[in-house]
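On a predicted model such as this, the values are computed, not experimentally measured, just so you know. Below, each value reflects all heavy atoms present in this structure, side chains not excepted, and no hydrogens, waters or symmetry copies.
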Amino acid sequence: MEALSGWLERHVLPIAAKIGSQKHLVALRDAFIGMLPVTMAGAIAVLLNAFVRDFPGEYIKSGPLFNAETGTNVITEFFQPLIGVNGLVWTGTLAIMAVVFAASLGYNIAKAYNVDPLSGAIVSLSAFIMGIPQSASTLLSLPVDTLSPELIKTFTEAGGTISDIADPITGEIVNQGVTAGGWGYFPFSAYMGGTGLFTAMIFGFISVVIFAKLMNKNIIIKMPDSVPPAVAKAFAAIIPGVVGLFVSGTIYFLFEKFVGMPLIDWIAESIQKPLLGLSQGYLAVLIIVLLVHLLWFFGLHGTNIMAPVLQSIYGVAMVENTNAYQVGDKIPYQWVAGSFEAFVWPGGAGVTLMLLVAVLIFSKRADHKTIGKLALGPGVFNINEPIMFGLPIVLNPLFMIPFILAPIATATIAFFATMAGLVSPVVVNVIWVMPAGLSGFLATGGDWRAIVLTIVNLAMALAIWTPFILAANKIDPAE
């Protein structure tokens, strides 16, 4: 075990430390963290609607709480104003997550390059918006001869098209297809939510890195010292901002010109969708869990270091699930970012809440007992730094095995339970300090089976931790 720890410390730790301090990855991580006020507001709105709209509508279909005249329940009717407010909050938060993320990412990239963060946020936001298609078309199928010749002429002159729709078996013309297009608006639900996050990410980096490098090379408009600082900052950002945005616009234009489809659609289909598909595999989940806990073992914040992967892939899936749940669509992804927090490491990385329970029940060492009592309160709320560095777990060869094995076991149980439909997928982003059990219940939109799954996982983690606590009893604290 010591040989393995030494090898990891020599070869893995330096790489992990470099990744953890890489400024572009730090900016990406901080961009997601910076959106927490927005994501939590949207999550609370969706969760409240689940309790006052979705649950009553699902389970109250008769009895004294059911209004036969309106076909709804009295709880939902009473909370209609709140449901309306929640819908507006969702519209301005999770429904436009890509827009918010674009600004947050631009701010943090500019900050990493020590240039004006506000200008960086504006450049990144503009670079994303310019790539959203502003046109759409719809097809309406009508019976033959529904439209008069005069109406068909007027419609085609306005830019619409009329086509014949034949029966696939007989070949007889049975309907007329009326196709109408429009321009000058942004398809709200198509690109501004989770679907647009990868494009916002890519063009945030392209536009703001160009902006920042030009700023740092002093390719700017310099104003006299007498000009107010706010005005001088704005003028200094003009040339770098213009170049960054024109480069982004040129890429969008040339891609659509030669490929024949908007770049944002291509990114969603060719990059984002395959990555999200891979994320739904057990091996991907296992690798994430293993890396997070290996990093933690060496004293590095594994969750933060892996945040760019967790949030840019599993976080996108989380947003898609929440938005689908809000509007009543089919939930697209079974495993998302919230699945890790709800089921894989309840009580903190390594499921250390069960380590604390094992210490308080089975440990005979006074030092372990003391630390266990002090760390129990924070541990209930998933804050495990006291036990990580106080026991310690970090660089402790004895505890390395259960620290990694326990979350692998909980991830395995939770993954296959979710995929088998034994528990609902996570659809609501719950704040990370939510206690175990309650976190899973709320994250799944109120599925009581999530509580059962959490209890099973906690019991499994306790069974894994206990033998190592008993083994620690035989070790002299002075050694």
Side-chain angles (χ1 to χ4, degrees), residues 14-38 97-132 196-255 263-264 267 271-272 300-301 304-313 315-316:
I15 297 173
K18 287 182 180 179
I19 293 173
S21 59
Q22 212 285 326
K23 64 181 179 182
H24 298 96
L25 293 178
V26 170
L28 181 60
R29 180 200 69 197
D30 291 348
F32 282 106
I33 294 173
M35 294 195 302
L36 270 177
V38 171
M97 184 55 63
V99 176
V100 178
F101 174 76
S104 181
L105 180 62
Y107 183 96
N108 283 284
I109 295 173
K111 186 178 176 183
Y113 278 89
N114 295 314
V115 297
D116 182 31
L118 180 58
S119 297
I122 294 171
V123 168
S124 177
L125 178 61
S126 298
F128 169 65
I129 293 293
M130 71 173 64
I132 299 177
L197 275 171
F198 268 60
T199 302
M201 195 182 306
I202 292 169
F203 279 89
F205 276 112
I206 291 173
S207 61
V208 182
V209 167
I210 292 172
F211 165 80
K213 286 186 176 295
L214 293 176
M215 289 285 291
N216 287 332
K217 289 181 180 295
N218 276 325
I219 304 176
I220 60 175
I221 298 174
K222 296 180 180 179
M223 303 297 289
D225 293 339
S226 59
V227 174
V231 177
K233 271 187 178 182
F235 272 86
I238 289 176
I239 293 176
V242 167
V243 174
L245 291 175
F246 266 85
V247 168
S248 299
T250 302
I251 294 171
Y252 282 127
F253 176 81
L254 291 177
F255 187 91
L263 180 54
I264 190 171
I267 290 172
I271 299 177
Q272 182 168 317
L300 301 173
H301 200 301
N304 278 355
I305 292 174
M306 294 301 295
V309 177
L310 282 167
Q311 295 302 324
S312 61
I313 298 177
V316 171

Novice: Rounded at 0.5 Å granularity, tell me how far CG in Asn108 sits from NE2 in His24.
Specialist: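 If we round to the nearest 0.5 Å, Asn108:CG and His24:NE2 are 12.5 Å apart.
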Novice: Look up atom CG in Leu105 and atom CG in Leu197, then write down how far apart they are to the nearest 0.5 Å.
Specialist: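 The CG atom of Leu197 is 10.5 Å from CG of Leu105, to the nearest 0.5 Å.
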Novice: Show me the side-chain donor-acceptor pairs of residues 209-224 shorter than 3.5 Å, one per line, residues at least two apart or across chains.
Specialist:
from	atom 1	to	atom 2	distance (Å)
Asn216	ND2	Tyr113	O	3.3
Asn216	ND2	Ala212	O	3.4

Novice: Taking it one step at a time, do Thr199 and Leu263 satisfy side chain to side chain contact (heavy atoms under 4.5 Å, CB included)?
Specialist: CA-CA 8 Å; Thr199 302; Leu263 180 54; 6.0 Å; no
Novice: For the CD1 atom of Ile271 and the CE atom of Met201, what is their distance to the nearest 0.5 Å?
Specialist: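 Those atoms lie 10.5 Å apart.
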Novice: Start with the C-alpha gap between Arg29 and Gln311, add the side-chain angles, then the distance that decides, and say whether side chain to side chain contact (heavy atoms under 4.5 Å, CB included) holds.
Specialist: CA-CA 8 Å; Arg29 180 200 69 197; Gln311 295 302 324; over 6 Å; no
Novice: If only atom types and distance count, is the side chain of Ser104 paired as donor or acceptor with the main-chain N or O of Val100 below 3.5 Å?
Specialist: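 Side chain of Ser104 to backbone of Val100, a donor-acceptor pair under 3.5 Å: no, none is there.
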Novice: How far apart are the closest heavy atoms of Ala200 and Ala102, and which atoms are they?
Specialist: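 Scanning both residues completely, I find the closest heavy atoms to be CB-CB, 4.1 Å.
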Novice: Test your reading of the model: is there a side-chain donor-acceptor pair from Ser126 to the backbone of Ile122, 3.5 Å cut-off?
Specialist: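 Yes, because the side chain of Ser126 sits within donor-acceptor range (under 3.5 Å) of the backbone of Ile122.
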Novice: Which atom names give the shortest non-hydrogen contact between Gly120 and Val208, and what distance separates them?
Specialist: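 Nearest heavy atoms, Gly120 then Val208: O-CG2, 3.5 Å.
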Novice: Taking all heavy atoms of Ser207 and all of Ser124, pick out the closest pair and write down the distance.
Specialist: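 Closest heavy-atom pair between Ser207 and Ser124: OG-CA, 3.8 Å.
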Novice: For residues 230-249, please give each side-chain donor-acceptor pair under 3.5 Å, one per line with the distance, not counting sequence neighbours.
Specialist:
from	atom 1	to	atom 2	distance (Å)
Ser248	OG	Gly244	O	3.0

Novice: Hey, which of Phe101, Phe128, Tyr252 is the one that makes ring-ring contact (aromatic ring centres under 6.0 Å, His included) with Phe203?
Specialist: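 Testing each of Phe101, Phe128, Tyr252 against Phe203, the sole residue satisfying ring-ring contact (aromatic ring centres under 6.0 Å, His included) is Tyr252.
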Novice: Measuring from Phe198:CZ to Ile267:CD1, what's the distance to the nearest 0.5 Å?
Specialist: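 If I round to the nearest 0.5 Å, the distance is 10.0 Å.
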Novice: To the nearest 0.5 Å, how far apart are CG in Asp30 and CG in Leu25?
Specialist: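 Nearest 0.5 Å value for the CG-CG distance: 11.0 Å.
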